[in-house]
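All chains are named by letter (A, B, ...) in the order of the sequence lines, taking the proteins before the strands, and each is independently numbered beginning at 1.
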Protein chains: 2
Amino acid sequence: MRVTKALSDSQRVRILMMLRGGELCVCRIVEVLALAPSTVSKHLSLLNEADLVEVRKDGRWAYYRLPQGDAMKAVRPVLKWLESALGEDGSVLRDADRLARVLSGAGEGSARRTKACPKEC
Amino acid sequence: MRVTKALSDSQRVRILMMLRGGELCVCRIVEVLALAPSTVSKHLSLLNEADLVEVRKDGRWAYYRLPQGDAMKAVRPVLKWLESALGEDGSVLRDADRLARVLSGAGEGSARRTKACPKEC
DNA sequence: TGCTAATGTCGTCACATAACGAAATGACAG
DNA sequence: CTGTCATTTCGTTATGTGACGACATTAGCA
């Protein structure tokens, strides 16, 4: 039930869909979802408990990603189904858009953020 | 989200698992789950809205079953995954047991209930 | 025509959970 | 060591949801 409960919230599904493109720093997810950091953190920890995401901690930053290796095998069918069920859903598409803008560093003073969160997250 | 929300409750998952063996009358589901009829009815209507079950009304009885035909195609992957994830879960196994006993008409005064709900549901 | 029985609907209550802000944690910079 | 920043944890509040019982509905039967 942990998995289905984790999937029963739309914000968590949005996170999973965003992670299809690769790992993301918490702060970027916060930016895209426009929720309080503490709220996003809670969602991520629920997804983690359900083994739907993995964490990689690097310095002060935490990077979340879809499961890799063996763990991926268990989760793959679910993700595939999610994707087909709502892969082209409105909010998912909008998130992808916003994420692209966030990753390219739009809206900030200078051209920073090459790929990962540092420098300037 | 309707589907994932429908799957996020354990009673509803129990119902889906029970239906793998074929259609069931509401009263039998009530008997196995040991919940109030109104509660079970609500669960069934949620599953129905999520297109995870179909209804067949016959006289005063309502028989629920997993989707057939085209609808089945959309739901199949989900059911397959559910089955592999918790097909041999404790409560699911216990339900199968109780269901078998209910269907065979154990615990009643006489030998009724040949296959469908009438006579004596 | 009424009666009975099986489902479904509605209102209510208790509890789960998503959201926030405040404070704790842990890591790096000085 | 101290300060700062990203993240997490904690406590609170508002809303969502599962459970029940009471009642409405509908189908068959006397």
Participant: Dot-bracket notation for DNA chain D is requested: 5' to 3', Watson-Crick or G-U wobble pairs only, both distances under 3.5 Å, with ( ), [ ], | and . as defined.
Facilitator: ||||||||||||||||||||||||||||||
Participant: Identify, between A/S8 and A/D58, the residue whose nearest nucleotide on DNA chain C lies closer to the 5' end.
Facilitator: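 This one resolves to A/S8.
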Participant: Using whole Å, what does the distance between atom C1' of nucleotide D/dG18 and atom CD1 of B/I15 come to?
Facilitator: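 Distance check: B/I15 CD1 to D/dG18 C1' gives 12 Å.
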Participant: Salt bridge or not between A/R20 and A/E83? Use side-chain N to carboxylate O under 4.0 Å.
Facilitator: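 A salt bridge links A/R20 with A/E83.
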Participant: Strictly below 4.0 Å: does B/T39 bring a side-chain N or O up to OP1 or OP2 of D/dC20?
Facilitator: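 For D/dC20, OP1/OP2 do have a side-chain N/O of B/T39 under 4.0 Å.
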Participant: Please give me every residue in residues 40-49 of chain A whose heavy atoms get under 4.0 Å of an atom in DNA chain C, ordered by residue number.
Facilitator: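 Contacting residues: A/H43, A/L46.
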Participant: Pick the closest DNA chain C nucleotide for A/R60 and for B/R60 by heavy atoms, then say which residue is nearer the 5' end.
Facilitator: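 With A/R60 and B/R60 compared, the 5'-side residue is B/R60.
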Participant: Is there side-chain contact between A/L35 and A/Q11, with heavy atoms separated by less than 4.5 Å?
Facilitator: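 Yes, close enough: below the 4.5 Å cut-off.
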Participant: How would you list all residue pairs meeting salt bridge (Lys or Arg N to Asp or Glu O under 4.0 Å) that involve residues 2-19 of chain B, not counting sequence neighbours?
Facilitator: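 Only B/R14-B/D95 qualify under salt bridge (Lys or Arg N to Asp or Glu O under 4.0 Å).
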Participant: Looking only at N and O atoms, is any donor in the side chain of A/S38 or the base of C/dG21 less than 3.5 Å from an acceptor on the other one?
Facilitator: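 Side chain to base: pair present.
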Participant: Kindly point out which of C/dT7, D/dT8, D/dG21 is positioned nearest to the side chain of B/P37?
Facilitator: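 Between C/dT7, D/dT8, D/dG21, the one nearest the side chain of B/P37 would be C/dT7.
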Participant: Round to a whole Å and report the spacing from NZ of B/K57 to C1' of D/dA27.
Facilitator: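 Answer to the nearest Å: 11 Å.
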Participant: Would you mind reading off the distance between B/W61 atom CH2 and D/dG28 atom P, rounded to a whole angstrom?
Facilitator: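 Taking atom P of D/dG28 as the reference, CH2 of B/W61 is at 8 Å.
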Participant: For A/D9 and D/dT15, give me the distance from atom CG to atom C1', rounded to whole Å.
Facilitator: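 Nearest whole value for this atom pair: 13 Å.
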Participant: Rounded to whole Å, how long is the line connecting atom CD of A/Q11 with atom P of D/dG16?
Facilitator: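 The answer, rounded to whole Å, is 13 Å.
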Participant: Report yes if some heavy atom in the side chain of A/L44 is under 4.5 Å from a heavy atom in the side chain of A/N48; otherwise report no.
Facilitator: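 They are not in contact (no side-chain heavy atoms under 4.5 Å apart), so the answer is no.
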Participant: Round to a whole Å and report the spacing from CD of A/E31 to C1' of D/dA6.
Facilitator: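 Rounded to the whole Å, the gap is 13 Å.
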Participant: Any side-chain heavy-atom pair from B/M72 and B/R76 closer than 4.5 angstrom?
Facilitator: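 They are in contact (side-chain heavy atoms under 4.5 Å apart), so the answer is yes.
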Participant: Whole-Å distance between D/dG18 C1' and B/R12 CZ?
Facilitator: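 Taking CZ of B/R12 and C1' of D/dG18, I get 8 Å after rounding.
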Participant: Below the 4.0 Å mark, does C/dA6 have OP1 or OP2 next to a side-chain nitrogen or oxygen of B/Y63?
Facilitator: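 Result: no.
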Participant: A/M1, A/L16: one ILVMFWY side-chain cluster at the under-4.5 Å cut-off?
Facilitator: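 Both belong to a single hydrophobic cluster.
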Participant: Within the structure provided, determine whether B/L99 and B/L24 are in side-chain contact (heavy-atom separation under 4.5 Å).
Facilitator: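 Yes - at least one pair of side-chain heavy atoms lies under 4.5 Å apart.
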Participant: May I ask you to test the B/Y64-B/V26 pair for a side-chain heavy-atom distance under 4.5 Å?
Facilitator: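 A side-chain contact exists here, since the closest heavy-atom pair is under 4.5 Å.
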Participant: Do B/L7 and B/V78 have side chains that get closer than 4.5 Å, going by heavy atoms?
Facilitator: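 With C-beta onward as the side chain, the pair touches.
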Participant: Roughly, in whole Å, what's the span from CG in B/L35 to P in D/dG21?
Facilitator: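 So the two atoms are 11 Å apart, to the nearest Å.
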